[in-house]
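Right, one structure below, let's go through it.
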Amino acid sequence: MVRIDATGGALGEVSTPMLAVGLHKGESAPLELGEAADAVLSNEDFSGKEGETALVYAPEGIASPRLLLVGLGERTSFTLDTLRRASAIAAKRARALKLDDAAFALHVSEGSAARVAAAEAAAEGAALGLYRFDRYKTNAESRELETFTLVHDDEDEVAGGAETGAKLAAAALLARDLANEPSNAATPEYLAGKAREIAERYGMEATILDRAGIEAEGMNGLATVGRASENEPRFIALEHHGGENGDPPVVLVGKAVTFDSGGISIKPAASMEDMKYDMSGGAAVLGAMETVGSLNLPLNVVALVPATENLPGGNAFKPGDVLELHSGKTVEIVTTDAEGRLILADALSCARRYEPAAVVDCATLTGACYVALGDHASGLMGNDDALISEIQTAGEASGERAWHLPLFKEYTEQIKGKTADLKNSGGRYGGALTAGAFLKEFADYPWAHLDIAGTAYYGKQQNAYTPRGASGTPARLLVEFLRGRARDRTTEEA
Ligand code: BES
Ligand code: MN
Ligand code: ZN
């Protein structure tokens, strides 16, 4: 794991094997660099276009033997995400050059909050960009970048930001690790074990229900989806008591279908291997809890993760079956492939017992959401405008965008059952919204739902800090949302 630190030295004096400096389109290099970048800029070999790089050897007048210019694009379209990508590019280039250390110039001036946020983003970008999942490669490239140093005049501010940024990245890194694991390793019990580890690390409370416990609780959605599997289902609850006693908690719910074959309504074989990622919602929630713990957020936070496989078998549930879910509502199974909403319904109904301030669930729930938004944003639905807007803001800030979709009452009409209260599919049209409408039936508190079917994993690198495989989305969005709530609390008290 790369160590991210900070130094207050002047750019020209930093002694590092490679100094990276971000430059906007059409702008000259910072004065501190002297003439080091002039040749590249005057030859127009480098325009500052986003993602563009130029490597200068033995640059004149600066201590570092290598200067990497990284394009930041137009200054007017600059965001923290630009910085995440730029630092990821720098860190990965240093590693590709087999260097042990590199430094990154944070020449932002406007105000302390902006400087800290920039340091967080640069640290996050480097840690996320360097991520690799290669534990199953017997000849994996083992060389790692050891340190990545952020350079700024105010060392203390930036050091704090670097430390926080590394913790923010850890949410996504854990989520990626869990989701990239194949389903023969990442079973429901494996996820439960990871939850226990988080609880131990940070003094949280972990409660794990096995199959018998799930049945005894009346979580028949979860018990039924998991019925045909040798790897038994688990219901995972993690409680972080960072707030006052009795403060209503925020509850995070994550779908963790460790493999979704579709069950009796079996999926086509093409890309079925990707259904190991169907636990990405649960992975993101556990990832977020890791960072809730390391930042020790002054809030009460509960994580609920229903974890199961969805397999066919002699005792599998079948289309036409009717079950009574945890809430008491009955549902008619139209397709065993709409399993996510069944296990989430149980978790959402269980969340009521915490008298939550808000509940946010995330799930690789529908192919329809993927079709609607592509892989550029998660679908966002809910029953509370203020909460929706908090999630949108957290999405923008974290670079994990969420787009608000409607839950008109007509979508609820579409999932009314014939023999039971509800049916578990509303058909092809508006599939993301009928799934959202189904979940809404179980949420009698401020609630938001993130459909991450299109954003949870990528077949090829998505951007400089999101490699192929699991993205970890929306672990960082969730942490950002919780940090926002923690900030609001502190200002209310002041
Ligand atoms: N896990 C899938 C959704 C999914 C599809 C995630 C593609 C990622 C990529 C979910 O359980 C599912 O099968 N949904 C069905 C619902 C339908 C049968 C009502 C779908 O989207 O087709
Ligand atoms: Mn399914
Ligand atoms: Zn699924």
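Any value given below was found using the heavy atoms of this structure, including those in side chains, with hydrogens, waters and symmetry copies removed. Just follow the structure's listing: the first ligand is 1, and inside any ligand the first atom is 1.
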Counting non-hydrogen protein atoms only, what is the nearest one to [atom]? Give residue, atom name and distance.
atom                    : answer
atom 12 (C) of ligand 1 : D337 O, 3.2 Å
atom 2 (C) of ligand 1  : D260 OD2, 3.6 Å
atom 7 (C) of ligand 1  : M275 CE, 3.9 Å
atom 10 (C) of ligand 1 : L365 O, 3.3 Å

Counting only protein N, O or S atoms and ignoring waters, those under 2.8 Å from the Mn ion (ligand 2) are D260 OD2, D337 O, D337 OD1, E339 OE1
Do [X] and [Y] have side-chain heavy atoms sitting under 4.5 Å apart?
X    : Y    : value
D247 : L299 : no
R352 : S327 : yes
R483 : L168 : yes
D451 : W403 : no
D278 : F259 : no
R95  : R132 : yes

Quick check on contacts: which atoms of ligand 1 are under 4.0 angstrom from a heavy atom of [X]?
X    : answer
D278 : 1 (N)
S425 : 19 (C)
R341 : 16 (C), 19 (C)
E339 : 11 (O)

Would Y457 count as a contact of ligand 1 if the rule is a heavy atom under 4.0 Å away?
yes
If you measure from each heavy atom of M279 to ligand 1, is any distance below 4.0 Å?
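No, M279 has no heavy atom closer than 4.0 Å to ligand 1.
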Between [Y] and [X], does any NZ, NE, NH1 or NH2 come within less than 4.0 Å of an OD or OE carboxylate oxygen?
X    : Y    : result
R135 : E181 : yes
D81  : R84  : yes
E163 : K167 : yes
K416 : E332 : no
R353 : E217 : yes

If we set the cut-off at 4.0 Å for heavy atoms, which region of [X] has an atom near ligand 1: side chain, backbone, both, or neither?
X    : value
T335 : side chain
K255 : side chain
V334 : neither

The Zn ion (ligand 3): which protein N, O or S atoms are under 2.8 Å away?
K255 NZ, D260 OD2, D278 OD2, E339 OE2
For R143, what residues pass the salt bridge (Lys or Arg N to Asp or Glu O under 4.0 Å) criterion, not counting sequence neighbours?
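Partners of R143 by the salt bridge (Lys or Arg N to Asp or Glu O under 4.0 Å) criterion, ordered by chain and then number, come out as D100.
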Using modelled atom types only, decide if a donor and an acceptor are shared between the side chain of R227 and the backbone of N315 within a distance under 3.5 Å.
yes
Quick check: does G367 get an N/O under 3.5 Å from an N/O on ligand 1?
yes
Do we see a donor-acceptor contact under 3.5 Å between the side chains of T336 and S265?
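S265 and T336 do have a side-chain donor-acceptor pair below 3.5 Å.
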If you measure from CD1 on I415 to NZ on K423, what distance do you get to the nearest 0.5 Å?
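The CD1 atom of I415 sits 9.5 Å away from the NZ atom of K423.
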Without placing hydrogens or testing angles, list every side-chain donor-acceptor pair under 3.5 Å for residues 435-447, not counting sequence neighbours.
{"unit_1": "E441", "atom_1": "OE1", "unit_2": "K329", "atom_2": "NZ", "d": "3.3"}
{"unit_1": "Y445", "atom_1": "OH", "unit_2": "L348", "atom_2": "O", "d": "2.7"}
{"unit_1": "W447", "atom_1": "NE1", "unit_2": "D361", "atom_2": "OD2", "d": "2.9"}

